Trainee: 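Dumping the structure here so I can ask a few things about it.
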Protein chains: 2
Amino acid sequence: MKTNTPTTTALYSIEQAIKAYRKLCNKNISKIIEDITVDQALILIILNDNSSLTQMQIGDLVFKDYASITRILNLMEKKGYIKKGINNKDKRRSLLEITTKGKETLTILSPTIQLNRNTALKNITEDELNQLYTILNKITNNCNP
Amino acid sequence: MKTNTPTTTALYSIEQAIKAYRKLCNKNISKIIEDITVDQALILIILNDNSSLTQMQIGDLVFKDYASITRILNLMEKKGYIKKGINNKDKRRSLLEITTKGKETLTILSPTIQLNRNTALKNITEDELNQLYTILNKITNNCNP
DNA sequence: TATTTTTATTTGATATATCAAATAAATTAC
DNA sequence: GTAATTTATTTGATATATCAAATAAAAATA
């Protein structure tokens with residue numbers, strides 16, 4: 001029997017889990033590469049897998065505001081992980097490319113990224129993972145108008 | 001059968017759900033009260049329920065950095081929702097009190113807060129909620145060293 | 001008691017989140 | 001083809017996140 005204070009709601013537990021996970025990720029990643037965050041690594045992976053994404057598509061993929069994407073990408077370019085050009089088929093769009101340094105960084109980080117996931121999901125069964133997906137998708141859909 | 005790209009991991013679904021929920025909350029709350037956020041409302045609720053909490057305790061409750069708490073509380077004081085004094089038993093600590101405006105705001109927001117939770121958790125059974133807690137707690141514990 | 005260590009909060013610097021508005025290119029309507 | 005509208009990105013302003021360092025009071029130790 002649960003009481004109904006804000007700190008006992010499902011949403012609070014979600015917040016708690018994701019914050020703990022992000023903290024773990026950033027701690028382990030910055031042990032290996034100092035100047036990169038989980039989110040930046042995620043964007044690197046996405047750029048590595050899918051070529052020619054727009055900033056808006058990236059923003060939608062990582063659930064971030066487009067203004068944030070602009071700034072994050074600028075920092076990533078400044079640090080040499082990506083290169084930003086202009087898409088000549090549509091000059092409003094930027095042409096995003098992962099650099100060699102970016103690819104090397106992914107290679108170096110790959111084991112850590114895998115370790116983070118494994119650590120977070122330790123002792124969670126396939127069944128439970130499926131339950132988790134199902135419930136979270138319900139919540140996401142409920143919240144999206 | 002799930003592939004192993006970052007956007008298909010459980011953690012990504014968690015991020016997705018919590019962002020959708022926060023967006024919903026902030027949208028509905030700001031329809032009623034313009035200058036308050038979900039997090040600030042949560043802190044108000046906590047201050048209303050538990051008297052004489054320290055800033056560190058609040059930070060731990062809402063999973064926020066103490067520096068953030070300092071700044072958030074300052075803004076909340078500036079907007080008249082709380083009052084910050086000095087705890088005379090321990091002058092390092094601040095004495096946090098919810099103001100009348102703060103209490104009134106909670107009363108006004110209460111139905112919206114409830115609506116947000118109900119909206120997010122619509123069609124989710126008691127069983128599923130318990131599964132969710134169990135799994136999320138596992139993740140949280142796995143991530144906390 | 002004086003000194004050292006710990007604790008609670010604050011401040012500074014930088015990155016990110018969010019919203020609104022600006023910019024500029026592409027598309028549509030006329 | 002020109003004007004109006006839509007789309008992609010950027011910029012500005014403000015709030016929040018995060019880490020490190022500063023401050024000041026309390027507690028522990030000598």
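Lettering follows sequence order; numbering is per chain, from 1. Remember, it's a predicted structure, so these values are computed and weren't measured experimentally.
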Trainee: Could you tell me the separation between the CD atom of B:Q57 and the C1' atom of C:dT9, rounded to a whole number of Å?
Mentor: 14 Å
Trainee: Hey, does the side chain of A:K101 reach the backbone of A:K79 with a donor-acceptor pair shorter than 3.5 angstrom?
Mentor: yes
Trainee: Is there a side chain to side chain contact (heavy atoms under 4.5 Å, CB included) between B:V62 and B:I69 once you walk through the steps?
Mentor: CA-CA 9 Å; B:V62 299; B:I69 295 293; 3.9 Å; yes
Trainee: In whole angstrom, what separates A:K64's NZ from D:dA17's C1'?
Mentor: 11 Å
Trainee: What I want to check is whether the side chains of A:N141 and A:K138 have a donor and an acceptor closer together than 3.5 Å.
Mentor: no
Trainee: Side chain of B:T54 only, heavy atoms from C-beta on: which candidate in D:dT10, D:dT16, C:dA8 is closest?
Mentor: C:dA8
Trainee: Would you indicate what A:K84 reaches in the nucleic acid, counting non-hydrogen atoms under 4.0 angstrom: base, sugar-phosphate, or nothing?
Mentor: sugar-phosphate
Trainee: How close or far is atom C1' of C:dT14 from atom CD of A:E34, stated in whole angstroms?
Mentor: 15 Å
Trainee: Can you tell me if the side-chain N/O atoms of B:S94 get under 4.0 Å from OP1 or OP2 in C:dT9?
Mentor: yes
Trainee: Starting at CD1 of B:I36 and ending at C1' of C:dC19, how long is that distance when rounded to a whole Å?
Mentor: 18 Å
Trainee: Looking only at N and O atoms, is any donor in the side chain of B:R92 or the base of C:dT7 less than 3.5 Å from an acceptor on the other one?
Mentor: yes
Trainee: Between C1' on C:dA17 and CD1 on A:I43, what's the gap in Å once rounded to a whole number?
Mentor: 13 Å
Trainee: To the nearest Å, how far apart are A:Q40 CD and D:dT18 P?
Mentor: 14 Å
Trainee: How long is the span from the OG1 atom in B:T99 to the CD atom in B:E77, to the nearest 0.5 Å?
Mentor: 9.5 Å
Trainee: Given D:dA26, is OP1 or OP2 found less than 4.0 Å from the side-chain N or O atoms of B:K91?
Mentor: no
Trainee: If you pin A:I72 and A:N87 to their nearest nucleotides in DNA chain C, which one's is more 5'?
Mentor: A:I72
Trainee: Go through B:L42 and B:T37 one step at a time and tell me if the side chain to side chain contact (heavy atoms under 4.5 Å, CB included) criterion holds.
Mentor: CA-CA 9 Å; B:L42 176 57; B:T37 65; over 6 Å; no
Trainee: Suppose we call a contact any N or O donor and acceptor under 3.5 Å apart; does that hold for the side chain of A:R93 and the base of D:dT10?
Mentor: no
Trainee: Nearest whole angstrom, please: distance from the P of D:dC19 to the CD1 of B:I69.
Mentor: 15 Å
Trainee: Ignoring backbone atoms, establish whether A:T70 has a side-chain N or O less than 4.0 Å from OP1 or OP2 of D:dT10.
Mentor: yes
Trainee: Identify, between B:N88 and A:R71, the residue whose nearest nucleotide on DNA chain D lies closer to the 5' end.
Mentor: A:R71
Trainee: Between B:L75 and A:N26, who's closer to the 5' end of DNA chain D by nearest nucleotide?
Mentor: B:L75
Trainee: With the side chain of A:D65 defined as its heavy atoms from C-beta on, choose the nearest nucleotide among D:dA15, C:dC19, C:dT11.
Mentor: C:dC19
Trainee: How long is the line joining CG of B:N74 and P of C:dA8, in whole Å?
Mentor: 18 Å
Trainee: The side chain of A:A67 is closest to which nucleotide in this list: C:dT16, D:dA8, D:dG12?
Mentor: D:dG12
